[in-house]
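Each remark here refers to the structure printed beneath this line.
Naming convention: chains lettered A, B, ... in sequence-line order (proteins, then strands); numbering from 1 in each chain.
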Amino acid sequence: MELKYEPNRIERKWQEYWDKNNFYKTSEDPSKPKYYALEMFPYPSGNLHMGHVRNYAIGDVIARYKAMNGFNVLHPMGWDSFGLPAENAAIKHGIHPAKWTFSNIDAMKQQLKTLGISYDWDREIATCRPDYYKFTQWMFLKLYDNGLAYKKSAAVNWCPSCQTVLANEQVVEGACERCETKVDKKKLEQWFFKITDYAQRLLDDLEQLEGWPDKVKIMQRNWIGRSEGCQFSMAIEGSDEMLTVFTTRPDTVYGVTYMVLAPEHPLVSVIAKGTPQEEAVKAFINEVKFISDVDRSSADLEKTGVFTGAYAINPMNGEKVPIWIANYVLMDYGTGAIMAVPAHDQRDFEFARKYNLPIRQVIKSNDPTDENNQLETAYAGDGYMINSGDFDGLSVEEGKQKIIAYMEANNIGSATVNFRLRDWLISRQRYWGAPIPMVYCPECGPVPVPYEDLPVLLPEDVNFKITGESPLNYVESFYKTNCPVCGSEARRETDTMDTFVCSSWYFNRYCSPDLKDMPFDPDQVNYWMPVDQYIGGVEHAILHLMYARFFTKFLYDIKMINSLEPFSNLLTQGMVLKDGSKMSKSKGNVVSPEEIIKHYGADTARLFILFASPPERDLEWSDQGVEGCYRFLNRIWRLVQDYAPLFAEDSESLNTASLNPRDKDLYYKVHATIKKVSEDIQERFNFNTAISAIMELSNHLNSYREVQDKNPALIKLAIDNLLILLSPFSPHICEELWQQTGHQSSIYLQPWPRYNPDALILDEVEMVIQISGKVKERIKVPINSAKEELEQIALDNPKIMALTDGREIVKIVVVPNKLINIVIK
RNA sequence: GCGGGCGUGGCGGAAUGGCAGACGCACCAGACUUAGGAUCUGGCGGGAAACCGUGGAGGUUCAAGUCCUCUCGCCCGCACCA
């Protein structure tokens, strides 16, 4: 008999037990339904924070619950271990990124293990290990072979102080996240993945993702940004060049009074050449160059521009309109050029006002009171066409179609779909990433590294000084190579891949973690994939989740896997807050999981974090709340210690037919709790209410202590179930108490209990009597009493009689076993 | 500006249209104790009560935290996307 609950001792004991007996090791088993539970793998920063604990605690409840319900569960863990922080550590402290990373992984793995999560550690992966990044490179080659990886010159984020390129995600509000210097754009040759080829499918298949939060689907939909319209070309006066524009409002094409090009548009210098405006145009382009990209794309920026001196011909009416350049037109959307319709576009309207350009109304509102003669703002609403030649009188919708049809018939333009989504820039001028497996041969040009030569290994001896180029550029043994095709001296690509590439396919690798020649075995992947439940922070709503979807579709297309989507169900967990804001070092409000575990144990930490709030919502950290969960576990401990002797020797089985009312009440509570906890986990992931139901059962058991003639078999039933129900949340204490109450095998191997519907049928229920919707009285009646009987009981009730005396009863509403509502006048 | 979410006791949070505040924390009182920051018991939205209470104003309904309309506040995402 143990007197005191000592979490650290029993947690170590059971973690060792699970470890030694390969408890959570999984393999394919066609006889059982599979369940793939996955939490987003962490970057190994070196210490676990509360957000991780929350993420993995949620995942563990689901994984354990499913396993106990007969599923063959895959629940792996690994490390997203390439990336900038390791290299920064190298620059700052002179530690090699590999050494830094691997020691962080060791440290974090130790911390993770103290949480008692049911991981199959045999499947652990680290994206920075050659046996993993070999296949990240394999993915690159497959994409390249299929025309989905290409190189082009592009403007990238450049920090002038650090002298290096930054990933988009390392740019925070237009500044470098490390030194807070304003980020510039710099043109460099870069590798891209053609995710835009998949834009429509990425958009369409969102419909299939019923298990995803709408919020995330909406964010992806907006990010993809599909818009329908048409693209058409205009002749430029005195030039052979054509000017192509994209518009979603072809119905307003008769309202075009000028054209606008982005200042970077290649046609600008051509058309301005030799005009009196040439100097002004050059000056304006120079001016725009000095405005940062962030300010450039801000709606607050004042719209400015300059006339190019050239004119375009509107193909619909032959009208000559001036071509301007302006800061509000962006080169990287559409064609980098627009037709300006100031009467029906607010931006064009403001610009036209400022530069005294004509405004011509071509859409009239259907609302006759809406006299829009003196336009104060652009009119973007519905209506019918005017001033539009043969098209007058058509509605906006009809007009769009008819104009496009006309353009197509006359070879002016055609219907087009435009996406906001851009191709994915994957080059990084950094060391600590997967090298891009390409070779540049003076004879053969760019040549992919043959599959059999993978991996292209990262060299170890590298100087990390900041130069603005990849450190690999200075490692001769790395870049000097021979062409795989012709054998002549060639140079390796020295850029490495964005770490999002590594995390776009890792969930497949867990299915075949040790496979040598292929990223995964199709049979194994097709057994496990798709992930049944994916859990992580909402900050990955777009980037990671979109890239992973893209990779999955690509792998489907090349017949490597059978699923079109990687994650059937997605749970986006809320943040862990302290004093109302996100835990961060700079705010000094960080609570370390290590400290909490040391003090209270992992069971308490897990329980608190699951109890304090439903998983999707933000969670406010409370030291006192933790204390409360610790007290609860102590109460459970004592409860079992006190009751154990009672049923230790008594193996009599429970006779449910002869329960006294007090026992029946406890018996009811046991089954009601099984039902509630099962439903809360299974249907809604509402762990907080599941835990509170378990607390209620424990409270019932506690008050049962006062009962004189206790029923040992009933207590045993209650305690067994209590421990099983609590075990996914706080597994160690439950294993320990399970063993102490005489069970031979692990509680994890217990089947999840089923509630007995008969146990939930009570003899008597409490009902409420309302008068006109207000509760006036409570009565106890036999369950399922007849409506007429209930009405009579209510009307005969003295309190109700007094209140209804002399009033007319309009009607009586009876909700079975709940309430009787007497409506009076 | 557009899109999404959230407003319930002192706090975290519960409530298939059917008893608002489950469960926990904090607090108060009592018990046990040399002691209590341990444990146990009880209380705990406001109000003396009738009653009043889910950000605010209307509405639907026998019945609204829940449904509808308007409105205020906070949080998150996107933001000159043609």
- Message: For Trp621(A), give me all partners under ring-ring contact (aromatic ring centres under 6.0 Å, His included), at least two apart in sequence or on another chain.
- Response: Phe608(A)
- Task: Could you list the residues that satisfy ring-ring contact (aromatic ring centres under 6.0 Å, His included) with His671(A), not counting sequence neighbours?
- Result: Tyr667(A)
What's [X] touching, base or sugar-phosphate or nothing? Going by heavy atoms closer than 4.0 Å.
{"X": "Val813(A)", "value": "base"}
{"X": "Lys582(A)", "value": "nothing"}
{"X": "Asn688(A)", "value": "sugar-phosphate"}
{"X": "Arg422(A)", "value": "base"}
{"X": "Gly225(A)", "value": "nothing"}
{"X": "Leu819(A)", "value": "base"}
{"X": "Asn699(A)", "value": "sugar-phosphate"}
{"X": "Thr248(A)", "value": "sugar-phosphate"}
{"X": "Asp618(A)", "value": "sugar-phosphate"}

Choosing from [options], which nucleotide comes nearest the side chain of [X]?
{"X": "Asn821(A)", "options": "C62(B), C40(B), A26(B)", "answer": "C62(B)"}
{"X": "Gln770(A)", "options": "G12(B), G3(B), G18(B)", "answer": "G18(B)"}
{"X": "Lys774(A)", "options": "A14(B), G12(B), C52(B)", "answer": "C52(B)"}
{"X": "Val823(A)", "options": "C80(B), C62(B), C40(B)", "answer": "C62(B)"}
{"X": "Ser692(A)", "options": "A82(B), A22(B), G12(B)", "answer": "A22(B)"}
{"X": "Thr689(A)", "options": "C19(B), A82(B), A14(B)", "answer": "A14(B)"}
{"X": "Phe611(A)", "options": "A26(B), C78(B), G12(B)", "answer": "G12(B)"}

Protein-nucleotide distance ([X], atom [atom1]; [N], atom [atom2]), rounded to Å:
{"X": "Trp324(A)", "N": "A82(B)", "atom1": "CH2", "atom2": "P", "result": "23 Å"}
{"X": "Leu697(A)", "N": "G24(B)", "atom1": "CG", "atom2": "P", "result": "12 Å"}
{"X": "Glu539(A)", "N": "G4(B)", "atom1": "CD", "atom2": "P", "result": "22 Å"}
{"X": "Lys669(A)", "N": "A22(B)", "atom1": "NZ", "atom2": "P", "result": "13 Å"}
{"X": "Asp680(A)", "N": "G13(B)", "atom1": "CG", "atom2": "C1'", "result": "14 Å"}
{"X": "Tyr333(A)", "N": "C78(B)", "atom1": "OH", "atom2": "P", "result": "17 Å"}
{"X": "Tyr630(A)", "N": "C23(B)", "atom1": "OH", "atom2": "P", "result": "24 Å"}
{"X": "Ile542(A)", "N": "G77(B)", "atom1": "CD1", "atom2": "C1'", "result": "7 Å"}

Is the shortest side-chain N/O distance from [X] to OP1 or OP2 of [N] below 4.0 Å?
{"X": "Lys776(A)", "N": "C51(B)", "answer": "yes"}
{"X": "Lys811(A)", "N": "C62(B)", "answer": "yes"}
{"X": "Arg617(A)", "N": "G12(B)", "answer": "no"}
{"X": "Ser227(A)", "N": "A82(B)", "answer": "yes"}
{"X": "Arg420(A)", "N": "A79(B)", "answer": "yes"}
{"X": "Arg638(A)", "N": "A38(B)", "answer": "no"}
{"X": "Arg631(A)", "N": "A26(B)", "answer": "yes"}

- Query: Ignoring hydrogens and angles, does a donor from either the side chain of Lys303(A) or the base of C80(B) sit under 3.5 Å from an acceptor on the other?
  - Reply: yes
Quick test of your reading of the model: are [X] and [Y] salt-bridged, counting only N-O distances below 4.0 Å?
{"X": "Glu679(A)", "Y": "Lys675(A)", "answer": "yes"}
{"X": "Glu791(A)", "Y": "Lys787(A)", "answer": "yes"}
{"X": "Lys400(A)", "Y": "Glu397(A)", "answer": "yes"}

- Task: Could you tell me whether G46(B) is syn or anti, where syn means a glycosidic angle within 90 degrees of zero?
- Result: anti
Shortest non-hydrogen contact between [X] and [Y], atoms and distance:
{"X": "Tyr755(A)", "Y": "Ile674(A)", "result": "N-CG2, 3.7 Å"}
{"X": "Arg54(A)", "Y": "Pro615(A)", "result": "NH2-O, 3.3 Å"}
{"X": "Ser233(A)", "Y": "Thr244(A)", "result": "OG-OG1, 3.1 Å"}

- When you compare U54(B) with G46(B), how far apart are their C1' atoms, in angstrom units rounded to a whole number? 14 Å
- With rounding to whole Å, what would you report as the distance between G55(B) and U66(B) at their C1' atoms? 16 Å
- Query: Which residue, Glu706(A) or Ala337(A), contacts RNA chain B at a nucleotide closer to its 5' end, judged by nearest heavy atom?
  - Reply: Glu706(A)
- Task: Could you say whether Val775(A) or Asn686(A) is positioned toward the 5' end of RNA chain B, judged by the nucleotide with the nearest heavy atom to each?
- Result: Asn686(A)
- Per-nucleotide pairing state of RNA chain B [Watson-Crick or G-U, under 3.5 Å; [ ] pseudoknot-crossing; | other strand]: (((((((..(((.....[....))).(((((.......))))).((....))..(((((..]....))))))))))))....
- Task: For the residue pair Asp348(A) and Tyr328(A), confirm or rule out a side-chain donor-acceptor distance under 3.5 Å.
- Result: yes
- Message: Is it the case that the side chains of Ser227(A) and Tyr333(A) hold a donor-acceptor pair, with the cut-off being a distance below 3.5 Å and no angle test?
- Response: yes
